[in-house]
Amino acid sequence: MSNQVNGISKRLIVESSNVKLVDGVLESKFNYRKNHFEHRADGLHVTPKEHEYSFKTVLKPRKTGLLLVGLGGNNGSTAVGSIYANQYGMTWRTKEGSNQANYFGSVTQTATVHLGYDSATQNQIFVPFKDIVPILSPNDLVISGWDISNSNLYDAMARAKVFEPELQEKLRPFMEPIVPLPSVYYPDFIASNQGDRANNVIPGSNKLEHLEHIRADIRKFKQDHELECVIVLWTANTERYTDVRSGLNTTADEILKSIGSNEDEVSPSNIFAVASILEGAHYINGSPQNTLVPGIIELADRHNVFVGGDDFKSGQTKFKSAFVDFLVSSGLKPECIVSYNHLGNNDGKNLSEARQFRSKEISKSSVVDDMVKSNQILFPDAKNPDHCVVIKYVPFVADSKRAMDEYICSIFMGGKQTFVVHNTCEDSLLASPLIYDLAILTELASRVTYKVSDDYKPFHSVLSILSLLLKAPVVPPGTPISNAFMRQFSTLTKLVTALAGFPSDTDMQIEFFTQ
Ligand code: NAI
């Protein structure tokens, strides 16, 4: 007999014996079909097996606060302003006509998921991602945060040059009263050209005191707004890499000790990550630097909080992670990828110094690795294509970043195929929806536990389901990194449908070619 579970959403009712609703908790069973492999002398042995997973999902989203490090930056001010614009249904005129606030670019708010084919009409059935299991809307998020610049968010928004003037004026009453909290500033970690911005800095040079200050900020925010879940997200300037070495930050105890002894190599983002974890707040790194050192990951595990990173996958790299997958899946061999950018916002200014550029170069370059490894016919020696990343600072274009990519592939019979892609876009209009998605998916993950054989437990502290939104995903030690966009999307949609009690349709369309 099947159970009918109402209340997953208004529009979706799951009829399945694999799911039941008990006291606001959705309990679902999921048969995970997985092939097991053995490399033997006579070849590769494949054994298909099924593993039963049980999930429990607390249905009601928690009251969630999002603390942005870099609140007064282009992303920070755009992310906050866009929420007010959506909450109040704002419209504004441009010379092309009237615009209305929306959440385009947010997977959780605007993507749909293919559930299968309706056998009566043969129509494909798609449902909004947000209707499969209950999730927050960005409008529900309580937002605050820190910045080393004391500009209020109206001035920050004007400085960012992202929104049209009419929208800026409509947002003014909401944005002007918001002034970022003072932050931790260690000049050695971001570009020296940022110094004139740093007028909102926690005094002193004692890193333990800085840690306690940030912890107190998080506690106060949580209490003031009676929050059940707090997420701290770094969208501040790209830092240089920190050293990773034994004695400094390779264990939880080491990083705590290094803060206590005021080690130079402890970065501001390390302080924020540790403060968040110690306060039970999840921590996400939207920039490329290596904040999530092994000691911080161990600390997150110890305190049962999630960490995720690195670097928003917003424009050029997002396209690359879909396009290179498409090329390799088509049997074409990318030989050379040259990615050139110029941008004129403060991010570009910061990246114009070598050590900060290097952080970005690393995160932008790793994105094709898994696709190269996927095809030994095209890449018999697993050597990556030549991959060159250039970023130039050109103030005039402000946030309207230009990304130009050339892809050259080897094709049939020694031919060459060259693709040239030109992408122009306000960078922060791409990044802000990812900020919401990272927070919304993290909050969802905090309501889920799973069981394979023994007791229910939460997901791994390194929340790799966020990979879709990140250029250089940090994953649990020893697990593979997936960069290909559609595979990442499918991981996420398969997870939410499994939580809802109906595994994704096999989508083989067998009924159409066996009729
Ligand atoms: P931005 O430079 O406009 O904003 C960064 C803000 O962080 C500034 O207001 C700055 O004053 C502040 N800041 C610097 N150090 C700080 C600290 N220690 N504590 C608190 N605040 C601090 O940059 P934008 O465009 O908002 O980008 C933010 C970050 O996101 C950058 O690291 C960028 O590389 C990364 N990113 C942006 C993407 C996009 O905009 N599409 C895509 C991928 C990553």
Side-chain angles (χ1 to χ4, degrees), residues 30-37 46 48 51 53 105-108 110-116 124 126-127 129 132 308-334 337 363-379 382 384-385 387 407 409 430 433-434 437-438 440-442 444-445 448 450 459-460 462-500 502-509:
F30 173 58
N31 266 331
Y32 180 44
R33 278 172 286 134
K34 179 175 160 49
N35 293 329
H36 290 251
F37 302 99
V46 187
H51 305 264
Y53 277 71
S106 155
V107 168
T108 64
T110 54
T112 59
V113 178
H114 182 242
L115 294 191
Q124 299 194 55
F126 289 91
V127 293
F129 184 98
I132 297 174
D310 295 334
D311 206 6
F312 306 123
K313 183 161 84 169
S314 58
Q316 184 179 57
T317 311
K318 188 185 209 168
F319 181 83
K320 194 178 286 175
S321 76
F323 189 58
V324 174
D325 186 40
F326 149 75
L327 293 172
V328 175
S329 302
S330 318
L332 300 177
K333 181 179 182 185
I337 306 169
S363 77
K364 275 183 171 277
S365 300
S366 59
V367 72
V368 298
D369 293 0
D370 59 331
M371 300 159 224
V372 169
K373 283 197 196 106
S374 75
N375 193 321
Q376 289 179 358
I377 300 172
L378 295 175
F379 300 98
N384 277 15
H387 193 173
Y407 298 81
C409 296
L430 298 179
L434 308 192
D437 284 346
L438 288 161
I440 288 167
L441 293 173
T442 302
L444 170 63
V448 177
Y450 75 95
F459 292 145
H460 193 283
V462 179
L463 195 53
S464 54
I465 56 163
L466 303 180
S467 300
L468 175 75
L469 308 155
L470 296 161
K471 276 199 207 43
V474 180
V475 297
T479 62
I481 296 175
S482 172
N483 289 297
F485 185 83
M486 287 317 292
R487 185 170 312 141
Q488 294 173 326
F489 182 69
S490 148
T491 300
L492 201 55
T493 57
K494 282 179 175 154
L495 173 69
V496 287
T497 52
L499 298 181
F502 58 100
S504 295
D505 199 285
T506 310
D507 199 18
M508 196 172 157
Q509 302 177 34

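Fair warning: this is a prediction, and the values are worked out from it, not measured in the lab. In this chain, residues are counted from 1 in sequence order. Just so you know, these numbers use all the heavy atoms, side chains as well, and skip hydrogens, waters and symmetry mates.
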What are the two closest heavy atoms between [X] and [Y], and how far apart are they?
X: His36; Y: Lys34; result: CD2-O, 3.4 Å
X: Lys313; Y: Leu468; result: CE-O, 3.4 Å
X: Gly308; Y: Leu470; result: C-CD1, 4.5 Å
X: Gln488; Y: Ser467; result: NE2-O, 3.3 Å
X: Thr112; Y: Phe489; result: O-CZ, 3.8 Å
X: Pro433; Y: Ser106; result: CB-N, 3.6 Å

Student check: side-chain heavy atoms of [X] and [Y] closer than 4.5 Å:
X: Ser464; Y: Pro476; result: yes
X: Val448; Y: Phe459; result: yes
X: Ile132; Y: Phe502; result: yes
X: Val372; Y: Val328; result: no
X: Ile465; Y: Leu444; result: no

Judged by modelled atom types alone, do Asp437 and Thr108 share a side-chain donor-acceptor pair under 3.5 Å?
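Yes.
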
Specify whether Phe126 and His114 have parallel, tilted or perpendicular ring planes, treating 30° as the upper limit for parallel and 60° as the lower limit for perpendicular.
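It falls in the tilted class, 30° to 60°.
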
Is the Phe323 ring parallel, tilted or perpendicular to the Tyr407 ring (thresholds 30°, 60°)?
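Perpendicular.
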
Look up atom [atom1] in [X] and atom [atom2] in [Y], then write down how far apart they are to the nearest 0.5 Å.
X: Thr442; Y: Leu466; atom1: OG1; atom2: CG; value: 4.5 Å
X: Thr493; Y: Leu115; atom1: OG1; atom2: CG; value: 9.5 Å
X: Phe30; Y: Leu495; atom1: CZ; atom2: CG; value: 8.5 Å
X: Lys373; Y: Ile481; atom1: NZ; atom2: CD1; value: 7.5 Å
X: Asp325; Y: Met486; atom1: CG; atom2: CE; value: 9.5 Å
X: Phe312; Y: Leu430; atom1: CZ; atom2: CG; value: 12.0 Å

Check for a donor-acceptor pair, side chain of [X] on one end and backbone N or O of [Y] on the other, with a separation under 3.5 Å.
X: Lys471; Y: Asp311; value: no
X: Ser329; Y: Phe326; value: no
X: Ser321; Y: Lys318; value: yes
X: Asp370; Y: Asn483; value: yes

Evaluate the criterion side chain to side chain contact (heavy atoms under 4.5 Å, CB included) for residue pair Val496 and Phe129; output intermediate values, then yes/no.
CA-CA 8 Å; Val496 287; Phe129 184 98; 3.9 Å; yes

Near Lys494 NZ, under 6.0 Å, is it more than 12 heavy atoms from other residues, nucleotides or ligands?
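At most 12 heavy atoms, drawn from other residues, nucleotides or ligands, come within 6.0 Å of this atom.
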
Let me know which of Leu327, Val368, Asn384 forms a side chain to side chain contact (heavy atoms under 4.5 Å, CB included) with Pro334.
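Exactly one pass, corresponding to Leu327.
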
Could you check Val462 against Thr479 for side chain to side chain contact (heavy atoms under 4.5 Å, CB included), going step by step and ending with a plain yes or no?
CA-CA 11 Å; Val462 179; Thr479 62; over 6 Å; no

